[in-house]
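Chain letters run A, B, ... following the sequence lines, proteins first, then strands; residues in each count from 1. Here the structure is a predicted model, which means the values were calculated and not measured.
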Amino acid sequence: MGPTIRVQTAPFDLTAELAALTAGRTDIGGIGSFIGTVRDEHAGKSITALTLEHYPGMTERALEQIAATAWTRWPLLGCTLIHRVGRMVPGEAIVLVLTASAHRAAALDATAFLIDWLKTKAPFWKHESYADGTSAWVEANAEDEDKANQW
Amino acid sequence: MNQAPISADSAPLRILYFAWLRERVGTSEETLTPPAGVATVADLLAWIPSVDERHGRAFAQSALLRCAVNQTFARPDTPIHPGDEIAFFPPVTGG
């Protein structure tokens with residue numbers, strides 16, 4: 001089965017996604033997972049909400065390309081990428097990466113690769129609202145770019 | 001596929017904006033008709049600030065911006081053609 005890719009406003013259900021990834025499979029030996037969540041603090045400011053904007057159409061294409069790249073680099077048996085958009089509050093999950101492989105190394109490495117690339121190669125933009133009533137667009141982080149380029 | 005470069009025949013372009021650039025331009029999408037000679041992303045970036053004062057301000061730091069042509073990340077030398085979907089936006093911050 002190829003990758004499962006979704007961009008959605010609704011929360012995702014980890015148990016359901018895991019069940020879908022592994023349904024009917026007995027060849028999987030390891031599953032890697034990453035869940036990104038909304039933190040309540042950024043650069044000393046208290047965050048009340050995070051709003052994710054994206055480029056409909058291009059986002060899905062970019063995620064498909066990123067997943068396809070992972071598929072060529074590691075012997076994956078399954079992969080799930082779900083990215084939420086819209087308004088979220090601290091504690092909510094934003095992004096889910098699941099990878100399945102026969103052995104753990106491929107699953108863990110592919111998971112790290114997918115989240116690193118997703119951060120720098122898919123058209124999403126974060127906007128933070130703060131407790132003091134102000135708000136700001138999040139600036140891209142050079143460290144994220146370095147991490148993505150390591151792969 | 002033989003598409004005439006836009007320099008050969010000036011035509012309207014659909015241009016999309018995202019994040020703070022969208023706020024500064026004041027719209028998420030518009031149609032602009034660049035003059036003949038605007039053939040690449042770099043040409044378009046050089047011309048857009050001259051559209052009006054609002055575009056001038058929004059694109060003042062154009063070196064910070066990224067571009068996609070037909071929903072694929074583009075570079076300054078990426079050619080543009082009539083009918084292309086062009087998008088300008090700040091560096092992405094998903095994940």
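Per-residue heavy-atom pair counts under 4.5 Å with chain B were compared for A/L118, A/T59, A/V138, A/L52, and the maximum is reached by A/V138. Comparing B/T72, B/V92, B/L64 by how many heavy-atom pairs each has under 4.5 Å with chain A, the most go to B/V92.
For the atom pair CZ of A/R61 and CZ of B/F73, the computed distance is 11.5 Å after rounding to the nearest 0.5 Å.
Side-chain contact check for B/W20 versus A/H127: every heavy-atom pair is 4.5 Å or farther apart.
A/W125 and B/F18 have parallel rings, their planes meeting at less than 30° on a 0 to 90° scale where 60° marks the start of perpendicular.
B/V51 and B/I80 fall within the same hydrophobic cluster, where Ile, Leu, Val, Met, Phe, Trp and Tyr residues are linked whenever their side-chain heavy atoms come under 4.5 Å apart, directly or through other members. Residues A/I31 and A/F113 fall into different hydrophobic clusters, defined by Ile, Leu, Val, Met, Phe, Trp and Tyr side chains chained together at heavy-atom separations under 4.5 Å. When the side chains of ILVMFWY residues are joined at heavy-atom separations under 4.5 Å, either directly or via intervening members, A/L114 and A/L21 end up in two distinct hydrophobic clusters. Under the 4.5 Å side-chain heavy-atom criterion for Ile, Leu, Val, Met, Phe, Trp and Tyr, A/W137 and A/Y55 are members of the same hydrophobic cluster.
Formation of a donor-acceptor pair under 3.5 Å by the B/T93 side chain with backbone atoms of A/K126 is found in this model. Using modelled atom types, one side-chain atom of A/H83 and one backbone atom of B/G95 make a donor-acceptor pair closer than 3.5 Å.
Looking at A/E139, only its backbone comes within 4.5 Å of chain B, counting heavy atoms on both sides. Only the side chain of B/R22 has a heavy atom closer than 4.5 Å to any heavy atom of chain A.
Around the CZ atom of A/R104, the shell of radius 6.0 Å holds no more than 12 heavy atoms that belong to other residues, nucleotides or ligands. The environment of A/R25 atom CZ is dense: over 12 non-hydrogen atoms of other residues, nucleotides or ligands sit within 6.0 angstrom.
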